[in-house]
Amino acid sequence: MGLLELLRKLKASPSHEIRVLLLGLDNAGKTTILKSLAGEEVSKVTPTQGFNIKSVKQEKWNLNVWDIGGQRNIRPYWRNYFENTDVLIYVIDSADRKRLDETGLELTELLEEEKLQGVPLLIFANKQDLLSAAPPGEIADSLGLNDIRTRTWQIQACSAMSGEGLEHGMNWVLKTCSKPK
Amino acid sequence: MILRLWWYLYYGCLHRMLKWVLRRTTGKCELERICSGYPSGAERTKAVENCLKHSRIVALKKIVTAENLNAVEAVNNIIALKSVYINRNQSFRPDLLQCLQQIGGYQKLVNQVRSLQKEKYSATEEDHEKQLMKLWNLMKPETTLERRKTKQWGQLGFQGDDPATDFRGMGILGLQNLIFFAENYNSIASKVLSQSLHPKFGYSYAVVGINLTSLIFDLLCKKYLKYHFYNTVSGEPALYHFHRVYCYVFCEFNNFWLTEEPESIMEFSRILDKYREKLIERLREPQASLQNNLLGE
């Protein structure tokens, strides 16, 4: 093995790097979750044009979290970010019952993508602080999560504004990533 | 470390000694020397601000951070405290008053803008709904809105069929900026909107507009707009002046975006960051002034 090749190999496998892809419809709360994970203020979030990325240190892990805009005309670009994803986090506005079908369709399409085959899936059932929020069980049914056989998945109720539930979800991410593949 | 020591030494004693000597020789206090020594604008107001900040008199120190400064009263207090001979220096009072109005006005503006940012858009609030409709009518006078919630909002660059969710963290401030632009520079706003629909270099007008509100709100809170206001507003800067900065920035960013020829909308964050850096660089100059022919003035 040449020196260059050895260096490249070392660089390619920093064992504690995790690439997390944050997707979901517009107004689901992806950027608020990203900011909350990074310990930043969440009261001044604006709609994402394009994408945001942040590195979040958690224990020995370095999570590179990609938050891609959820607006309809941005969704076609989602696929540009699939490569090498370790975990897919799909965020749902639990209070937006009218769009539960739409978000379900987008998720089904995502799960059929070849580059995301076998990638573990965490669903954040966000905005649980709102009275009108659907409980995670109802969302899981609506999305047909129980039919998923080809990957590990988890649904976690949360409120990105208060931070509640996020830690639980992220612990699941770390636990899943530390299992030998 | 050495710099800090020098700073301490300078303001702790050297500065005071110098001031004492100058006071004896010129017969003027430092504020008087500043007002007659600098032309009106950011250089003078900044020097006054700095002088007050380092004053040994608590009442003077407080002027710089006062939430609701009464500039006239503050000028009278300074003249009395420093025993200034007003008859000998007629221009001192109006000059100092202008500086204090600018300093106090900036702080008031920050508070006013903050409260608008904190006011969440609410669809049950009649006034908010009225404002939203006003925006539509100003930008799309020829098209009637079919319903309150409709895909038509996409024509203005909102994300979904209800703009309410897009205002988010910027609240009513985001909406009022968009309205001000549409109302006062209608033809320019329409031109920017049509350019935002470019098939290759397009972007979502309203969403980008809300992100630009976030940009200048942040600059205002971090005091980057001080020099601009000190140079361009002779009294207290008002909400109106903040809105005008917004219009200027929207036009300029639009031009910047187009000259960058982005691959796609996914380049937005990168290009916005780049624009922000350039803007800050200019705002740091003592002669900063966001005014030129962009708005046809």
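Below, chain A is the first sequence line, B the second, and so on; all start at residue 1.
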Is there any N or O donor on one of chain A and chain B with an acceptor on the other under 3.5 Å, and could you list each such pair with its distance?
{"from": "A:V45", "atom 1": "O", "to": "B:G169", "atom 2": "N", "distance (Å)": "2.9"}
{"from": "A:T46", "atom 1": "OG1", "to": "B:N211", "atom 2": "OD1", "distance (Å)": "2.7"}
{"from": "A:P47", "atom 1": "O", "to": "B:N211", "atom 2": "ND2", "distance (Å)": "2.9"}
{"from": "A:Q49", "atom 1": "OE1", "to": "B:S204", "atom 2": "N", "distance (Å)": "2.9"}
{"from": "A:F51", "atom 1": "O", "to": "B:S269", "atom 2": "OG", "distance (Å)": "2.7"}
{"from": "A:Q71", "atom 1": "NE2", "to": "B:S204", "atom 2": "OG", "distance (Å)": "2.8"}

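- In terms of heavy-atom pairs under 4.5 angstrom with chain A, the leader among B:G169, B:G174, B:G171, B:A206 is B:G169.
- Only the side chain of A:I68 comes within less than 4.5 Å of a heavy atom in chain B; its backbone stays farther off.
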- Message: Quick one, A:V45 with B:M170, criterion side-chain contact (heavy atoms from CB on, under 4.5 Å). Give me CA distance, side-chain angles, the key distance, then yes/no.
- Response: CA-CA 7 Å; A:V45 170; B:M170 286 302 119; over 6 Å; no
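- Every residue meeting the side-chain hydrogen bond (donor to acceptor under 3.5 Å, both in side chains) condition with A:S55, not counting sequence neighbours, appears here in chain and number order: A:N64.
- Around CD of A:E164, the count of heavy atoms belonging to other residues, nucleotides or ligands within 6.0 Å does not exceed 12.
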